[in-house]
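Working notes for the structure below.
Lettering of chains follows the sequences in order, A, B, ..., and the numbering in each one begins at 1.
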Amino acid sequence: MEPVQQNMGPVLCDPQTLIKDLNPQQSEAVKYYGQALLIGAGAGSGKTRVLTRRIAWLLAHGIWASQILAITFTNKAAAEMRERLAALVGSEAEHMWISTFHSACVRILRRDGDQIGLESGFSIYDTADSERLIKLIGADLNIDLKRYTPRMILGKISDYKNSLISWKDQLKTYAADYRPGQRGYQMGRFDNVEELFAVVYAEYQYRLSQANAVDFDDLIMRTVELLRTCPQASDYYRHRFRYIFVDEYQDTNHAQYVLVRELAGIDSGEQADPHAAGAGKVGPSWITVVGDSDQSIYAFRGADIRNIQDFEEDFPNAKTIMLEQNYRSTQTILDAANAVIAKNENRKPKKLWTALGKGDPIIGYAADNAQQEAGYIASEITRLHTEEGVAYSDMAIMYRANAQSRSLEEAMINANLPYQLVGGTKFYERREVKDAIAYLQAIVNPADDVNMRRILNVPKRGLGARAEGLVAMYADRHGTTFFDGIEHLDRIEGMTGRTAKPLGAFRDLMHELTDFAREHDAKPSEVVAEVLSRSGLLEELQRSEDPQDASRVDNLSQLQSVAAEFEQNTPDATLAGFLETTALVADSDQLPGENEDSGKVTMMTLHTAKGLEYPVVFLTGMEQGTFPHSRAMEDASELSEERRLAYVGITRAKRRLYVTRAAVRAQWGQANEMMPSQFLDEIPEDLIDWKRKEAGMERMRGGWRSGFDDDDEFGGWGDDDDFGTSSFGNSSFGGSSYGAHDRSYGSSSSRGGSSHGSGRSTYGSGSRFSYGSSSYGSGRSGKAGKVTTRHTKPKALDKPKTAPASALSKDNNLDIADFHIGDRITHDQYGLGTIVDTQDKGRNSIITVDFGTDGVKRLMLRVAPIEKL
DNA sequence: AATATCGGTTTTTTT
DNA sequence: AACCGATATT
């Protein structure tokens with residue numbers, strides 16, 4: 001929509017400006033002219049910069065944006081790349097495919113999936129959906145799910161799919177006489193576990209196809225299947241994508257590797273033309289992959305490090321360029337990282353270096369327990385902020401496993417520090433949100449038995465196990481779907497009036513919702529509103545006495561604002577399109593983008609932290625058994641992966657790194673003594689300045705008590721014998737009510753990220769969503785760190801009984817005409833701001849507001865909790 | 001059919 | 001400690 005020239009500047013005219021500020025290796029990578037390029041990009045070596053410049057360089061040399069496919073692992077990385085490309089080449093960036101593996105595959109399958117039996121409204125099952133399906137299958141086949149847990153079985157199936165092993169092959173090899181979909185089969189004794197896996201795998205795929213559904217791994221595997229079996233499709237994509245870029249290549253699994261090969265047409269037999277850089281040429285596409293084998297941390301999920309190690313053998317005429325200059329960290333931090341990763345065997349030696357100088361030493365701290373560790377971190381954050389002026393958003397706390405966030409969170413709340421927790425239970429995995437989405441899914445795809453059965457009795461309508469069983473039996477007998485069974489409820493034997501009545505009502509409800517959805521397909525937010533009110537989901541929660549349900553209502557309205565945001569940002573929005581974006585979000589997608597400042601300390605797992613950087617990083621839980629994780633300590637290759645994780649963690653820090661540990665840590669409610677992590681020993685001693693070298697208990701045991709500088713301001717805390725959570729009780733934290741804090745705080749204030757899909761915009765983000773025109777949940781101050789407890793008291797908020805549907809989709813009656821550039825407004829969360837832009841889009845009008853330190857936000861007038869001054 | 005209670009399991013990391 | 005599923009109770 002914008003004229004190209006606006007952002008383009010001289011860049012396209014003068015390619016030299018694309019490389020003039022790069023180092024020799026970077027610029028070689030940008031300019032490299034050839035079929036296959038591996039950029040070995042060490043941490044902080046500017047890989048995104050090189051990747052985007054290389055794309056811009058190609059554009060400047062005559063290739064078309066539409067010929068480019070760039071693949072990342074997270075939506076956030078994709079959005080960031082798109083943004084940076086837009087800065088280089090302007091609106092040309094809109095014509096490229098820049099997306100995750102999974103969304104690229106969805107896009108392909110939506111277009112061409114019918115060739116392999118997928119109708120375009122197909123559902124995408126997440127892990128929970130898949131697990132439900134496995135349980136259903138397990139029950140039908142009489143499988144001992146105690147012994148073979150759904151998780152275990154799904155893990156196996158996932159392995160098969162990541163390796164492109166088809167269920168047909170497995171069946172042929174291990175259970176040749178099983179017919180998927182056959183009724184009455186009982187899994188009795190089997191000679192071989194493989195036999196059981198083969199049968200369940202086949203049955204699982206059968207039911208997925210009956211339900212017109214795919215799981216995450218299917219997105220990749222079935223796209224490969226499509227490209228391999230359908231020449232029109234593979235021809236189309238091979239000629240379309242002449243230049244393929246893959247980020248984080250070390251994390252690709254076998255299926256993804258094959259997918260890239262297929263898309264590029266490497267094995268098509270077409271002859272490569274070495275000079276075929278221009279548009280419309282023949283032969284395999286050019287491939288550029290970027291990665292760092294030292295940052296491979298997803299082997300447990302099927303990532304195959306060999307993909308990157310063997311790149312030169314796999315792709316003809318491949319070239320490798322290493323980027324080893326780090327622009328992020330101090331030499332001290334890099335020395336630590338280099339020393340740790342050097343302990344891994346079988347790796348190509350590589351040394352990062354920096355021109356930034358030595359910097360401050362790494363700070364070490366040995367706490368008595370997790371609470372004290374967290375207390376130390378909170379006090380350091382406070383000190384850094386007040387004494388040294390470090391912004392909260394420039395600090396991050398990282399840990400191995402999500403469970404560790406608990407005590408850290410407590411300490412942050414206690415110290416009144418603003419924080420933001422990334423990950424944990426995802427927004428879309430919350431029960432109430434999943435319920436609402438299950439309705440949408442069932443509307444879009446009535447064959448989706450898993451989601452249909454999920455909502456059958458949600459909210460409670462008197463349809464229990466018996467009713468479900470009757471319908472399922474009928475559907476099975478007649479080889480039809482669960483909902484089709486409901487359609488014929490009067491023909492079901494054993495149906496009593498007491499069941500038939502609510503069942504009929506459910507059928508009618510679904511018909512009405514389906515009709516409504518058909519008429520409002522382009523307005524997902526209205527469909528959401530309709531579902532929430534007509535189904536009774538919202539009402540049930542509003543009527544509830546359970547204080548947790550208040551935040552559930554919050555989450556549901558947030559779902560609706562996410563839908564509103566989606567239809568705002570997406571030109572041709574559909575309900576199915578909305579469901580896609582909800583299915584494919586990652587934790588890291590909720591993080592604020594590069595240019596946004598959340599004003600909060602970020603807390604996340606090391607896995608989530610990959611690709612990010614912070615001036616100050618706290619690496620916590622540096623204990624044997626915590627990190628490295630106990631389950632990874634036995635196995636050499638798993639330990640190597642833990643070490644790479646440590647490498648990732650250390651290299652996130654730009655200026656200051658803290659490593660902390662606890663001598664005692666409670667796991668499963670049990671206090672355990674923890675040894676210092678071996679990774680601490682692997683960091684050269686002189687790089688760490690220990691503020692507290694040993695925990696109190698360790699000191700007594702060790703005998704020698706020499707004078708280390710130990711400003712032991714927390715010493716008092718852990719002296720009690722009971723370390724567990726109760727030791728926290730004497731602080732301002734009422735132990736018993738904590739759970740409620742956690743819920744309402746975490747879910748609505750800090751966890752419920754709203755940025756999703758393409759979204760770096762933040763309409764819904766924390767906009768506490770105007771509810772029936774009175775701002776809901778306003779008891780919370782915008783800044784985190786301060787928790788306004790929502791006890792059972794504010795039940796008064798149950799009032800808006802009046803037509804919740806219209807209330808949710810209505811607006812707060814602000815007129816865009818009343819807003820002008822330069823006007824001042826206040827926002828419930830961000831505070832005072834100045835309008836810098838207005839866009840009149842009728843109902844969906846947008847104002848862009850500068851909130852100073854809180855950044856510039858685009859707000860949808862209709863839903864934003866703002867007031868004009 | 002819905003709710004209460006007990007007991008066993010759980011935590012690696014996620015598109 | 002928290003979550004799930006199975007069992008018992010209404």
Side-chain angles (χ1 to χ4, degrees), chain A residues 71-78 99-106 124-128 130-131 135 139 145-146 149-151 154-155 158 161-162 214-221 248 251-253 255-256 296-303 398-407 422-426 428-429 431 456-457 459-469 496 498-499 502 580 583-589 604-610 621 625-633 638 641-642 644-645 648-649 665-671 724-726 735-736 738-739 742-743:
Chain A
I71 302 176
T72 62
F73 270 85
T74 66
N75 296 304
K76 181 170 178 276
S99 71
T100 64
F101 268 108
H102 295 269
S103 18
C105 287
V106 170
I124 301 168
Y125 279 7
D126 68 10
T127 321
S130 298
E131 211 164 290
K135 282 176 188 162
L145 291 173
K146 282 270 159 56
T149 62
R151 260 191 70 188
L154 276 172
S158 181
K161 292 181 177 180
N162 289 158
V214 294
D215 66 17
F216 284 141
D217 300 316
D218 277 338
L219 289 173
I220 313 290
M221 183 171 177
E248 307 281 16
D251 287 333
T252 51
N253 60 37
Q256 289 162 334
S296 158
I297 54 175
Y298 284 112
F300 70 93
R301 208 173 70 190
M398 299 174 192
Y399 35 83
R400 178 63 238 266
N402 276 121
Q404 288 166 253
S405 69
R406 194 68 183 249
S407 48
V422 185
T425 313
K426 277 188 268 175
Y428 294 109
E429 285 169 8
R431 181 171 59 69
L456 179 66
N457 198 31
K460 302 246 180 311
R461 46 173 78 91
L463 294 168
R466 197 183 116 83
E468 187 183 344
T496 59
R498 212 173 101 219
T499 306
E580 250 161 53
L584 299 174
V585 286
D587 284 340
S588 59
D589 295 338
M604 68 196 135
T605 65
L606 287 158
H607 281 88
T608 308
K610 195 176 70 165
T626 306
F627 186 33
H629 193 271
S630 53
R631 287 176 47 171
M633 279 166 46
E638 286 181 60
E641 178 143 320
E642 294 288 302
R644 290 193 290 270
L645 197 52
V648 167
R665 186 177 295 276
Q667 29 198 184
W668 306 327
Q670 267 270 305
T725 46
S726 59
S736 61
Y738 180 66
D742 181 45
R743 284 284 157 251

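- One interatomic measurement links the two molecules: CD of A/E248 to P of B/dT15, which rounds to 13 Å at whole-angstrom precision.
- In this structure, A/R498 atom CZ and B/dA1 atom C1' are separated by 7 Å, rounded to whole Å.
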Write down the protein N/O and nucleotide N/O pairs, taken from nucleotides 4-10 of chain C, whose separation is under 3.5 Å; answer none if there are no such pairs.
{"unit_1": "C/dG5", "atom_1": "OP1", "unit_2": "A/K135", "atom_2": "NZ", "d": "2.6"}

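- For A/F101, the ring pair (Phe, Tyr, Trp, His ring centres under 6.0 Å) partners are A/F73, not counting sequence neighbours.
- Ring-to-base geometry places A/F300 in a stacked arrangement with B/dT13 (centre distance under 5.5 Å, plane angle under 30°).
- The CZ atom of A/R400 sits 7 Å away from the P atom of B/dT13 (whole-angstrom rounding).
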Exercise for the section: Apply the test side-chain hydrogen bond (donor to acceptor under 3.5 Å, both in side chains) to residues A/T499 and A/T496: give CA-CA distance (whole Å), side-chain angles for both, the deciding distance (0.1 Å), then the verdict. Expected result: CA-CA 5 Å; A/T499 306; A/T496 59; 3.2 Å; yes
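- Of the two residues near DNA chain B, A/W668 and A/A465, the one whose nearest nucleotide lies more 5' is A/A465.
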Exercise for the section: Would you check, one step at a time, whether the test ring pair (Phe, Tyr, Trp, His ring centres under 6.0 Å) holds for A/H629 with A/F300? Expected result: CA-CA 13 Å; A/H629 193 271; A/F300 70 93; over 10 Å; no
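- Closest-nucleotide positions on DNA chain B for A/T608 and A/T499 were compared, and the one nearer the 5' end corresponds to A/T499.
- In terms of heavy atoms, A/L584 sits closest to A/D589 at O-OD2, 4.2 Å.
- A donor and an acceptor atom never sit less than 3.5 Å apart when one is taken from the side chain of A/R301 and the other from the base of B/dT13.
- A/M604 has its CE atom 14 Å from the C1' atom of B/dT13, to the nearest Å.
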Tabulate atom names and distances for all N/O pairs under 3.5 angstrom spanning the protein and nucleotides 2-6 of chain B.
{"unit_1": "B/dA2", "atom_1": "OP1", "unit_2": "A/G462", "atom_2": "N", "d": "3.0"}
{"unit_1": "B/dA2", "atom_1": "OP2", "unit_2": "A/N457", "atom_2": "ND2", "d": "3.1"}

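- A/D126 comes within contact range of no nucleotide atom at all, as no heavy-atom separation falls under 4.0 Å.
- Rounded to an integer number of Å, the gap from CD of A/E429 to P of B/dT13 is 11 Å.
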